[in-house]
Amino acid sequence: MTAKIIDGNAVARHVRGEWKKRVDALRTRGIIPGLAVIIVGSNPASRVYVRNKVKACAEVGLHSETHEFPADVDEGTVIRRIDELNRNPEIHGILVQLPLPPQIEARHLLGAISIEKDVDGFHLYNVGGLVVGENNIFPPCTPYGVQCLLEYENIPIEGQNVVVVGASNIVGKPMALMLMAKDATVSICHIKTRDLAQYTILADILIVAAGCPGLITAPMIKRGAVVIDVGINRLPDGRLVGDVDFEGVKKKAAYITPVPGGVGPMTVTMLICNTVAAAERCAAKNAEKNPVPA
Ligand code: NAP
């Protein structure tokens with residue numbers, strides 16, 4: 001058996017094409033979805049991620065702007081900027097690029113973002129919405145992208161054994177909640193999990209987001225499993241790899257995502273989707289407040 005390699009770039013292109021139609025529909029009403037990205041300091045990886053987000057927004061016709069602060073900025077200054085952006089009608093989504101320097105508490109900045117503009121889905125309101133299965137929230141972009149890949153490939157989720165390796169707030173935990181909401185039976189593994197393989201071997205769908213190259217090898221997976229590799233690791237020789245031994249596992253899995261070219265392109269795509277959805281919700285609210293006279 002050789003797994004079907006899920007082409008994240010192709011799925012991302014398709015999804016962006018679909019959402020571009022919604023951007024065009026908003027444009028006919030004079031609305032251009034706008035995203036503001038806040039970046040503090042000069043972390044090189046963060047700069048690359050922000051550049052990619054800005055480029056992707058432009059391709060789909062979104063307005064985007066980057067708000068840069070020096071690494072030693074105080075928290076109050078950034079929160080004041082977030083307040084301004086919350087009030088700016090041309091901005092529908094606000095994103096704080098993580099990580100932040102130590103003098104700034106991420107939760108303070110994330111908590112300052114208006115819940116209607118929290119397109120990264122990290123505000124506690126959106127996190128709580130995921131827990132209780134609220135529909136009108138913004139799902140965090142990486143797990144939302146994984147869910148979209150599974151749906152695009154028509155991979156059933158209901159009743160499946162899903163194992164998520166990694167329990168971070170931005171990937172592992174929301175991923176588990178989103179698939180639980182789709183009626184999967186979900187286990188979450190983390191660094192203290194004893195004998196990881198005893199869990200992974202049971203997975204119909206295995207999602208790995210640990211940041212450990214080579215963590216998952218072929219003997220650890222069930223034959224015919226769906227393996228989604230969220231990890232992105234730079235090896236000393238410069239190569240970019242995931243957390244899964246791709247060459248070994250692809251001989252045993254039914255589906256596998258490559259790194260790069262799997263989950264990565266979907267993360268940026270879902271940010272666009274959330275920003276467009278935010279602009280649509282804002283437009284609907286404004287139309288309710290100011291109905292067109294008959
Ligand atoms: P993180 O905050 O460092 O969390 C990693 C999680 O994995 C933690 O829960 C940790 O356990 C667990 N873990 C670490 N080593 C493990 C091991 N040997 N066995 C089992 N669990 C282990 O990282 P993250 O932000 O979730 O990101 C995870 C990976 O995904 C990284 O490689 C990151 O670059 C990548 N990523 C990719 C995208 C994308 O768009 N493709 C987006 C976001 C992140 P503890 O909680 O117990 O420490």
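Only heavy atoms go into these numbers, but all of them, side chains included; no hydrogens, no water, no symmetry mates. First listed ligand is number 1; within each ligand, the first listed atom is number 1. Given the structure is predicted, the values throughout are model-derived calculations rather than measurements. Along the sequence shown, residues are numbered consecutively beginning with 1.
Taking the side-chain contact (heavy atoms from CB on, under 4.5 Å) definition, one finds that Val54 meets it with Val50, Ser64, Thr66, sequence neighbours left out. Considering only residues two or more places apart in sequence or on other chains, Leu124 meets the side-chain contact (heavy atoms from CB on, under 4.5 Å) condition with none of them.
The salt bridge (charged side-chain N to carboxylate O under 4.0 Å, His left out) contacts involving residues 170-184 comprise Glu151-Lys182, where partners must be two or more places apart or lie in separate chains.
A salt bridge links Arg47 and Glu68; the closest N-O separation between the charged side-chain nitrogens and carboxylate oxygens is under 4.0 Å. Checked for salt-bridge contact, Arg281 and Glu116 miss the test: no charged N lies under 4.0 Å from a carboxylate O. The pair Asp83-Arg87 does not meet the salt-bridge criterion, since no charged nitrogen lies less than 4.0 angstrom from a carboxylate oxygen.
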When you pair each N or O of ligand 1 with protein N or O atoms, which pairs come out under 3.5 Å?
| residue | atom | partner | partner atom | Å |
| --- | --- | --- | --- | --- |
| ligand 1 | 9 (O) | Ala167 | N | 2.7 |
| ligand 1 | 11 (O) | Ile191 | N | 3.2 |
| ligand 1 | 21 (N) | Ile191 | N | 3.3 |
| ligand 1 | 26 (O) | Ser168 | OG | 2.5 |
| ligand 1 | 32 (O) | Ile232 | N | 3.0 |
| ligand 1 | 32 (O) | Ile232 | O | 3.2 |
| ligand 1 | 34 (O) | Ile232 | O | 3.4 |
| ligand 1 | 40 (O) | Thr267 | OG1 | 2.7 |
| ligand 1 | 41 (N) | Val230 | O | 3.4 |
| ligand 1 | 47 (O) | Ile191 | N | 3.3 |

